[in-house]
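Okay, so here's the structure we're looking at.
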Amino acid sequence: MNLLRLSWVFFKIGIAAYGGGWTIVGIIKTEILGRGWITEAGFSDLVAISQVTPGPVALNAATLVGYRLAGIPGAAAATLSVVAFPILSILAATSLLARLGKARGVLQEALKTGTIALVAMTLWTFLPAAVSSWTSGILAAGAFVLAAFTKTHPLFIILGAGGIGLVLSLLVP
Amino acid sequence: MDRTPNSPAPPSPGGIFWTFFRISAVTIGGGYAMVPVIGREVTAKGWLEEKEFYDLFALAQSFPGPIALNTALIVGRRTAGIAGFCLALAGILVPPFASVLVVALLLDGFGDLAPVRGFLGGAAAVIPGLVGALLWRMSKTRTWTVWRGVCTICAAAAIISFRPWAIPLFFASVLVALVGEARS
């Protein structure tokens, strides 16, 4: 894996990384799977791990994908590249955007349009996994109900589902 | 009240690094779990007042990037200048990087064991549900107008249909939405 190409892809991902972890995961998925760098199942594993390790999910996912593709140098390159644009833009434009005042509300409203669309894309790309087996479907539906309608912390949902998967793998070898 | 609103109690450089390092090291569950913790810490330490912190958090959302990182960077810079910015960056980046690498190395060793596969399979299975729930909550809390609805549905349809173009299409839809918002 060419480190420069890897860095460029993650730099690009960083530019559009609005609206929190799941949009970024969606973009990483499209960019990396689209290039055939990682398999669907391999990527889902990495995202699951990102969720249960400390730190921002998007950063964890970038670090893990970088590591899978090019070892520790890849992990460092992906992590630094994905934060490069956010860091530079915050350095350059904080005072500018702070001065926008009320107009910033308009910008944020417009950004919501884009981020909801990106989350919809993320959902779309993960849906085939949800209908791939009865177990996956039931776990996904249960997670949706808990996360959408209760205040259950996502961490417990993920760990709970992981526990169910572990028990099932012991019962049904 | 002899505190000025902008810098109630300037933090030490070491204080900034360790505060963000600690929060990043122990908070699992991503940005929206980390931000309230950051808010509690910096207001408890008297670096910022609560309202000011949430103003900075709102500002952080105007930038791309992990929201916890952006918030930390802006807080670091506001309270301690460029040094604070760099220390916040290091504090947020190092713990996840190190812990993720440890987990990745462990998986290289034990990733093929059946119970580990089972755990990861179960944990990965909930992803569509969690993303669906996020979409549900984002949609429910937004104040919808006809324009916003049409714009969002078109943007989603375009991005889903032409996924390799997701990033340019994202910016195009934000631009269209921006023009519409500015006119209304």
Side-chain angles (χ1 to χ4, degrees), chain A residues 15-18 20-22 27 30 34 44-45 47-49 53-60 63-64 67 79 86 89-90 97-98 104 106-107 109-114 116-124 126-127 130 136 139-140 143-144 147-148 154-155 157-158 161-162 164-166 169, chain B residues 24-31 59 61-70 73-74 95-97 99-101 103-104 114-115 117-136 138 142 151-152 155-156 159-160 163-164 166-167 170 173-174 177-178 181-182:
Chain A
I15 296 177
Y18 277 99
W22 285 120
I27 310 175
T30 332
S44 293
D45 281 358
V47 175
I49 300 164
T53 28
V57 171
L59 272 184
N60 295 349
T63 310
L64 274 173
Y67 177 79
T79 310
S89 60
I90 289 173
L97 278 180
R104 224 174 58 225
V106 177
L107 174 64
E109 199 52 58
L111 283 171
K112 270 187 203 166
T113 299
I116 291 179
L118 279 180
V119 174
M121 178 199 77
T122 308
L123 178 63
W124 182 271
F126 277 108
L127 272 184
S136 306
L139 286 175
F144 174 77
L155 180 64
I157 299 176
I158 293 165
I164 293 172
L166 195 156
S169 76
Chain B
S24 188
V26 300
T27 317
I28 300 175
L59 182 60
Q61 289 174 307
S62 309
F63 291 99
I67 188 67
L69 176 74
N70 291 0
L73 292 178
I74 294 178
F97 187 77
S99 56
V100 161
L101 279 189
V103 173
R117 299 269 5 116
F119 178 86
L120 287 176
V126 299
I127 294 172
L130 294 179
V131 179
L134 174 70
L135 191 62
W136 167 263
M138 285 175 94
R142 193 173 186 196
C151 219
T152 307
I159 290 179
I160 286 173
R163 289 199 291 283
I167 297 174
F170 166 80
S173 43
V174 170
L178 196 61
E181 292 291 330

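Below, chains carry the letters A, B, ... as their sequence lines are ordered, and counting in each starts from 1. Any value given below was found using the heavy atoms of this structure, including those in side chains, with hydrogens, waters and symmetry copies removed. In this text, all values refer to a predicted model and were calculated from it rather than measured experimentally.
- Interface remark: B:Pro164 contributes backbone atoms only to the contact with chain A (heavy atom separation under 4.5 Å).
- To the nearest 0.5 Å, atom CD1 of residue B:Ile159 and atom CG of residue A:Leu118 are 4.5 Å apart.
- Counting heavy-atom pairs closer than 4.5 Å to chain B, the top-ranked of the candidates A:Ile15, A:Leu127, A:Leu59, A:Ile164 is A:Ile15.
- Note that CH2 of B:Trp136 is 13.5 Å distant from CG of A:Leu123, once rounded to the nearest 0.5 Å.
- How far CD of B:Glu181 is from OG1 of A:Thr113: 6.5 Å, rounded to the nearest 0.5 Å.
- Heavy atoms of B:Ala155 lying under 4.5 Å from chain A belong to its backbone as well as its side chain.
- With a 4.5 Å cut-off on side-chain heavy atoms, B:Pro115 and A:Leu166 count as touching.
- Most heavy-atom pairs under 4.5 Å with chain A: of the set B:Leu130, B:Val131, B:Val103, B:Leu73, this distinction falls to B:Val131.
- Heavy atoms only, all atoms of each residue included: A:Pro56 and B:Ala68 are closest at CG-CB, 4.2 Å.
- Note: A:Leu139 CG to B:Ile127 CD1 = 11.5 Å, rounded to the nearest 0.5 Å.
- Interface remark: A:Ile27 contributes side-chain atoms only to the contact with chain B (heavy atom separation under 4.5 Å).
- Counting heavy atoms from C-beta outward, B:Val126 and A:Phe144 have side chains that stay 4.5 Å or more apart.
- Between chain A and the options B:Gly122, B:Cys151, B:Ala124, B:Pro66, the largest number of non-hydrogen pairs under 4.5 Å is found for B:Gly122.
- Only the side chain of A:Thr79 has a heavy atom closer than 4.5 Å to any heavy atom of chain B.
- For the atom pair CG of B:Leu101 and CG of A:Asn60, the computed distance is 10.0 Å after rounding to the nearest 0.5 Å.
- For the pair A:Pro54 and B:Ser99, the minimum side-chain heavy-atom distance is below 4.5 Å.
- Side-chain atoms of B:Thr152 and A:Lys112, non-hydrogen and from C-beta on, never get closer than 4.5 Å to each other.
- Contact detail for A:Met121 and B:Ile160: the closest heavy-atom pair is CA-CG1, 3.7 Å.
- Here A:Ser89 contributes atom OG and B:Asn70 contributes atom CG; the two are 7.0 Å apart, rounded to the nearest 0.5 Å.
- At a 4.5 Å heavy-atom cutoff, the contact between A:Thr30 and chain B is made by side-chain atoms alone.
- Between chain B and the options A:Leu64, A:Ile90, A:Ile116, A:Leu107, the largest number of non-hydrogen pairs under 4.5 Å is found for A:Ile90.
- With chain A as the partner, the residue from B:Pro128, B:Pro95, B:Ala114 showing the most heavy-atom pairs under 4.5 Å is B:Pro128.
- In terms of modelled atom types and a separation under 3.5 Å, the side chain of B:Arg117 and the main chain of A:Ser169 share no donor-acceptor contact.
- The two residues B:Ala123 and A:Ile158 make their nearest non-hydrogen contact at CB-CG2, 3.8 Å.
- Between chain A and the options B:Ala182, B:Ala104, B:Ser173, the largest number of non-hydrogen pairs under 4.5 Å is found for B:Ala104.
- In this structure, B:Phe170 has its ring center closer than 6.0 angstrom to the ring center of A:Tyr18.
- Counting heavy-atom pairs closer than 4.5 Å to chain A, the top-ranked of the candidates B:Ser62, B:Ser24, B:Gly121, B:Pro96 is B:Ser62.
- Of all the listed residues (A:Gly34, A:Ala58, A:Ser44, A:Ala117), the one sharing the greatest number of non-hydrogen pairs under 4.5 Å with chain B is A:Ala117.
- The shortest heavy-atom contact between B:Ala133 and A:Ala147 is CB-CB, 3.4 Å.
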